[in-house]
Amino acid sequence: MYNKDDISKLSDQFIQDILTKFIGIEFIKTHPIPHAITVNRKFIFLNQAALSLFDATDASQLIRKDITTFIHPLDHGRILGRLEILSENTPRNPPTEQRLYALSGKVKRIISTSSLYQIENCDLVMATGIEITEAIGYEISETEKNFQRLFENMHDVFYRTDRNQIITLIGPTIHDVAGYQPEDVIGMPADYFYLNPEMRKGLVEILEKEGSVKNFHTQLKHKNGSIVDVEISSKAIYSPEGKFLGIEGVFRDISEQMTIKRQLEHLAQTDELTGTLNRRSFIEAGTQLVKQLKRKHEDNYLLIFDLDKFKPINDTYGHLNGDKVLVNVVAVIKETLRETDIFGRLGGDEFAIIARNCSAEECLMMLDRILDSVQKSTITMSDETEISISLSIGLTHLKNADTPLSLAMARADQQLYLAKSRGGACYVVENNNQIQLIS
């Protein structure tokens, strides 16, 4: 009995072993009609007549190649569907006419049939074909030529998968979008190329439920390691009997549009001077966090601060120097924060921080670091004067009832006012509605 790993790897030893057990293989080798044997749609054997049909000089040119690579796109879905229905109840397909690509690039027309064999739990398909290209004087029609030009030159990437989400057809534009050649992609699981494979799972679930999807946004992994934003439109493929056979569709590179969109979103959310969140975005982020507290408990603290005696700095040195002070103070404070903390400018010289998921002790240590770091820093004005600055800070514990966030902001503002009234350069903490001064 062969295991799934043996079957998927198609090692030389496995191929040799299974062909040895294939009854009649010696007769097939010398048969004048093309015969090919596949496992998981990949060639493991072609007789000499089949090699000639594909314009191949050696079997190594085709072994382990996915047969769907050689099926003409106009016949692709139909032939794949015929392969999908092969089973113990339907072990053989009736003859059908189809087109295939030879290694030389020629399109050939054949009459083919396929049969299912099983050797020790391994499913094999033997395909037999007779070329009729010359017999019917076949020439590629204008329709086929137009389709081929469309398939090869369209900006969108056309793709098709089987029912197991293995890629069976992909347009050549995949190289422009993701850096791969079609032969690198065919036979691979579709979710292998997703930055988040769960996104592919979500797409398939929508298709199985609704039958089609338009403009589904996701991200793919480029061959060079970069991330590509794509937009996918697809539909599910079914047999005449209603059996799910796979998915086909197109996707396009929208990385440039997404980059512009993200830049615009960043500009809309960010304070232009300091690079922190602007007031609206800070309140939105804080409100969202409070909503999460109703589902999952987490200790978060809101602190609001402003710069002590900032107006005299503006009056003495001008607003450009005042802006320089704000930028420098923000840069110093950012060094003390964690990536999870939320930092925003409420307006003028007033700022707010939400310390995420930390104990009261950790939060107070953060306040001490902020005060100390800011007071130790010096800022050089345009006239070479060096000044230092201090902060007044008000702190409150965020509650799951703080919707709107202005409730918590009012409490923190009250503590800030008390800190200012004590001369600044300190913080005041609300503790169970009792005011405690810590400087």
Side-chain angles (χ1 to χ4, degrees), residues 259-260 262-286 301-356 363-396 405-406 409 412-429 438-439:
T259 297
I260 295 172
R262 291 183 185 114
Q263 289 173 344
L264 291 174
E265 289 175 347
H266 178 75
L267 289 173
Q269 297 170 355
T270 306
D271 176 62
E272 185 177 359
L273 176 64
T274 62
T276 62
L277 293 177
N278 58 29
R279 182 185 182 90
R280 178 178 58 82
S281 296
F282 178 85
I283 292 175
E284 286 178 354
Y301 292 87
L302 170 67
L303 62 102
I304 295 179
F305 69 87
D306 67 12
L307 281 61
D308 295 329
K309 301 175 183 177
F310 180 67
K311 186 177 184 301
I313 294 175
N314 264 338
D315 293 343
T316 302
Y317 299 102
H319 289 287
L320 289 178
N321 281 297
D323 288 348
K324 184 177 182 180
V325 171
L326 293 176
V327 170
N328 276 268
V329 168
V330 166
V332 170
I333 293 175
K334 282 183 176 179
E335 292 293 323
T336 71
L337 301 181
R338 302 162 302 169
E339 289 186 5
T340 54
D341 296 329
I342 303 171
F343 190 10
R345 184 184 183 189
L346 301 181
D349 65 324
E350 188 175 51
F351 294 82
I353 296 170
I354 296 178
R356 295 283 313 274
C363 187
L364 293 180
M365 289 174 62
M366 176 190 291
L367 290 173
D368 287 330
R369 289 196 305 271
I370 290 174
L371 285 177
D372 186 58
S373 298
V374 171
Q375 289 177 2
K376 287 182 178 179
S377 65
T378 58
I379 305 165
T380 304
M381 299 290 96
S382 57
D383 64 358
E384 302 302 322
T385 301
E386 289 190 349
I387 68 168
S388 59
I389 200 79
S390 63
L391 307 178
S392 295
I393 306 175
L395 179 75
T396 187
L405 189 67
S406 57
M409 295 175 69
D413 261 330
Q414 184 180 7
Q415 316 315 317
L416 171 60
Y417 175 79
L418 291 170
K420 299 292 282 188
S421 69
R422 294 293 296 261
C426 66
Y427 55 81
V428 174
V429 179
I438 307 177
S439 58

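Position 1 is the first residue of the sequence; numbering continues from there.
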Checklist entry - So do the side chains of T270 and N278 get within less than 4.5 Å of each other, counting heavy atoms only? => result no

Item to check | E284 side chain near Q269 side chain, heavy-atom distance below 4.5 Å | outcome: no

Checklist entry - What's the spacing between D349 CG and L307 CG if we round to 0.5 Å? => result 5.5 Å

Checklist entry - Are L391 and V329 close enough that some pair of their side-chain heavy atoms sits under 4.5 Å apart? => result yes

Checklist entry - Got R356 and I342 here, is their nearest side-chain heavy-atom distance under 4.5 Å? => result yes

Item to check | K420 bridged to D306 by N-O distance under 4.0 Å | outcome: yes

Checklist entry - Should L364 and V429 count as side-chain neighbours, where that means a heavy-atom distance under 4.5 Å? => result yes

Next on the checklist: Under the criterion side chain to side chain contact (heavy atoms under 4.5 Å, CB included), I'd like the reasoning laid out for E350 against I304: C-alpha separation, chi angles, the key distance, then a yes or no.
Outcome noted: CA-CA 7 Å; E350 188 175 51; I304 295 179; 3.6 Å; yes

Checklist entry - Can you name the salt bridge (charged side-chain N to carboxylate O under 4.0 Å, His left out) partners of K376, sequence neighbours left out? => result D372

Next on the checklist: Donor-acceptor pair, distance only, cut-off 3.5 Å: does the side chain of T336 make one with the backbone of I333?
Outcome noted: yes

Next on the checklist: Any non-hydrogen side-chain atom of V330 less than 4.5 Å from a side-chain atom of V327?
Outcome noted: no

Checklist entry - Of R345, R280, R279, which is the lone residue that meets salt bridge (charged side-chain N to carboxylate O under 4.0 Å, His left out) with D271? => result R345

Next on the checklist: So for atom NZ, which belongs to K311, do other residues, nucleotides or ligands contribute more than 12 heavy atoms lying within a distance under 6.0 Å?
Outcome noted: no

Next on the checklist: Testing the basics here: between S392 and A419, what is the closest heavy-atom pair and its distance to 0.1 Å?
Outcome noted: CB-CB, 4.1 Å

Checklist entry - Shortest non-hydrogen contact from F343 to F282? => result C-CD1, 4.1 Å

Checklist entry - Counting only N and O atoms by type, is there a donor-acceptor contact under 3.5 Å from the side chain of T385 to the main-chain atoms of M381? => result no

Checklist entry - From R262 CZ over to E265 CD, what is the distance, rounded to the nearest 0.5 angstrom? => result 8.0 Å

Next on the checklist: I need the minimum non-hydrogen distance between G394 and Q415, along with the two atoms involved.
Outcome noted: CA-CB, 3.5 Å

Next on the checklist: Any side-chain to backbone donor/acceptor pair from R422 onto V428? Under 3.5 Å, distance only.
Outcome noted: no

Item to check | Donor-acceptor under 3.5 Å (N328 side chain, K324 main chain) | outcome: yes

Checklist entry - Between CD1 of I353 and NZ of K334, what distance do you get to the nearest 0.5 Å? => result 10.5 Å

Next on the checklist: Please check this pair: side chain of N321 against backbone of S382, looking for a donor-acceptor N/O pair closer than 3.5 Å.
Outcome noted: yes

Checklist entry - For the residue pair L277 and A285, what are the closest heavy atoms and their distance? => result CD1-CB, 4.4 Å

Next on the checklist: Using the rule side chain to side chain contact (heavy atoms under 4.5 Å, CB included), only one of I313, L273, T276, I379 pairs with L326; which is it?
Outcome noted: L273

Next on the checklist: For the backbone of I370 and the side chain of S373, can you confirm whether one donor and one acceptor N or O come within less than 3.5 Å of each other?
Outcome noted: no

Checklist entry - Closest heavy-atom contact between D308 and I389? => result O-CD1, 3.6 Å

Checklist entry - How many angstroms lie between CD1 in I393 and CG in L303, if you round to the nearest 0.5 Å? => result 6.0 Å

Item to check | Minimum-distance pair of heavy atoms, taken over all atoms of C363 and L395 | outcome: SG-CD1, 3.8 Å

Next on the checklist: Contact between I354 and Y301 at the side-chain level, heavy atoms closer than 4.5 Å - yes or no?
Outcome noted: no

Checklist entry - Any donor-acceptor pair under 3.5 Å linking the side chain of T396 with the backbone of A412? => result no

